[in-house]
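Naming convention: chains lettered A, B, ... in sequence-line order (proteins, then strands); numbering from 1 in each chain. Side chains included, hydrogens not; waters and symmetry mates left out as well; all remaining heavy atoms used.
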2 protein chains.
Amino acid sequence: MKISTKTKYGLRAAIYLAEKGKEQGFHSIKQIAKSENISPDYLEKIISKMEKAGMLKSQKGAKGGYSLARPAKRIKLGEVVNALEGDNYFVQCLSGKGKVCAQCKKCAAQNFWQKFQEKLDSFLDSVSLEDIIKNKF
Amino acid sequence: MKISTKTKYGLRAAIYLAEKGKEQGFHSIKQIAKSENISPDYLEKIISKMEKAGMLKSQKGAKGGYSLARPAKRIKLGEVVNALEGDNYFVQCLSGKGKVCAQCKKCAAQNFWQKFQEKLDSFLDSVSLEDIIKNKF
DNA sequence: ATAAATCCGACAATAATTGTCGGTTTTATT
DNA sequence: AATAAAACCGACAATTATTGTCGGATTTAT
């Protein structure tokens, strides 16, 4: 139960883009990776996921790169985490994809983990990228 | 960022013991493992951790086993999770043991992850084993 | 004495994460 | 038109963490 480095990297990249926000234009993987001291090849995969999830937009070719798809205020942390950790990232037993635990019916724990997940989600959805770069949340 | 099966197993074992609470006496790994359909050898390691953390007590020898060290009402979920996932399980960058990220000083994300951790902790500490078996929390 | 249990550490198997690489496509610039 | 810089993509390798197994030592009720 840890924050994966993937998610940490992803958030740092998003913060980078949010901070550069005013300077219109795109920022390349290379730039971000250098600034954040992350392997460019790995970062590319991470950023690609975020782009597919719709929170970043990209520009191919020379002078291309990435930028936020929306103002930082309208990108919630929940979106970042969901994009990188996957939906229902926490309570696997509930996700349709995984195997449902054989004990599920009589599992008193299940209800609890679900509530736990809801708490997390509601917190993550209450914080925006803007909140983070302005350090108020 | 998942609940490890270790923690799930640990919670289920704790719930088992909480439910058996009235029937005084000790419950063996074998019993718990069979009831919860967990490998006894693995469960032993998990339960041993919880015992060392002080939430379970043990009785060696024949007719021995484990029981809650306190009434279920006074065992909070935070205790279970901390015992099994380790302190500061979530925000690694803060734990003294791990390597501190080279970017830590200028890392706007850090403050956020810390707040996140605090949210989790306060929720986990607000729920007791009793709440869980009575399904009210 | 015996059997049932905790206790303990080493190790093996598996799975997940993290990271690398080579190539393809797109596009601004020269 | 050529070039260089960048996103895009999938396969794979390396590393780490989790999960699970085992054999023995110790304790204790019967």
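Taking both residues in full, the closest heavy atoms of B:M55 and B:R70 are given as CA-NH2, 3.8 Å, listed atom of the first, atom of the second, then distance. Nearest approach of B:I38 to B:R12, heavy atoms of both residues: CG1-NH2, 3.9 Å.
Phosphate contact (OP1/OP2 of C:dT20, side-chain N/O of A:S39, threshold under 4.0 Å): present. Between A:K52 and D:dA7, a side-chain N or O to OP1/OP2 separation shorter than 4.0 Å is absent. Put simply, A:S4 has no side-chain N or O that comes within less than 4.0 Å of OP1 or OP2 on C:dT17. At D:dA7, none of the side-chain N or O atoms of A:S58 fall inside 4.0 Å of OP1 or OP2 (strictly under the cut-off). Listed pair A:Q59 / C:dA28 meets the phosphate criterion, a side-chain N or O lying under 4.0 Å from OP1 or OP2. At the phosphate of C:dT17, OP1 or OP2 sits under 4.0 Å from a side-chain N or O atom of B:K2.
Counting only heavy atoms from C-beta outward, the side chains of A:L11 and A:L84 never approach each other to under 4.5 Å.
Residues A:P40 and B:I29 both approach DNA chain C. Their nearest nucleotides, taken by heavy-atom distance, put B:I29 toward the 5′ side.
Residue B:S28 is classed as a sugar-phosphate contact, given heavy-atom separations below 4.0 Å to backbone atoms only. If you check every strand for non-hydrogen atoms under 4.0 Å, A:K45 touches a base.
Rounded to an integer number of Å, the gap from CD1 of A:I32 to C1' of D:dA7 is 12 Å. Here the C1' atom of nucleotide D:dA7 and the CE atom of A:M50 are 14 Å apart, to the nearest Å. Straight-line distance from the CD1 atom of A:I47 to the C1' atom of D:dA7: 11 Å, rounded to whole Å. When the C1' atom of D:dA17 is taken as reference, atom CD of B:E85 falls 12 Å away, rounded to whole Å. Here the P atom of nucleotide C:dC21 and the CG atom of A:L43 are 16 Å apart, to the nearest Å. Remark: C1' of D:dC12 and CG of A:D41 are 13 Å apart, rounded to the nearest angstrom. The NZ atom of B:K30 sits 13 Å away from the C1' atom of C:dT6 (whole-angstrom rounding). Rounded to whole angstrom, the span from the CD atom of B:E44 across to the C1' atom of C:dA10 amounts to 13 Å.
Taking the six-membered ring where the residue is Trp, B:F116 and A:F123 present parallel rings, their angle staying beneath 30° rather than reaching 60°.
Of the possible donor and acceptor atoms, one in the side chain of A:S128 sits under 3.5 Å from a partner among the backbone N and O of A:D131.
Partners of A:S58 by side-chain hydrogen bond (donor to acceptor under 3.5 Å, both in side chains), not counting sequence neighbours: none found. Applying the side chain to side chain contact (heavy atoms under 4.5 Å, CB included) rule to A:Q59 yields the partners A:F26; only residues at least two apart in sequence or on another chain are considered.
Using a 4.0 Å cut-off on heavy atoms, the residues of residues 60-67 of chain B that approach DNA chain C are B:K60, B:G61, B:A62, B:G64, B:G65, B:Y66, listed by number.
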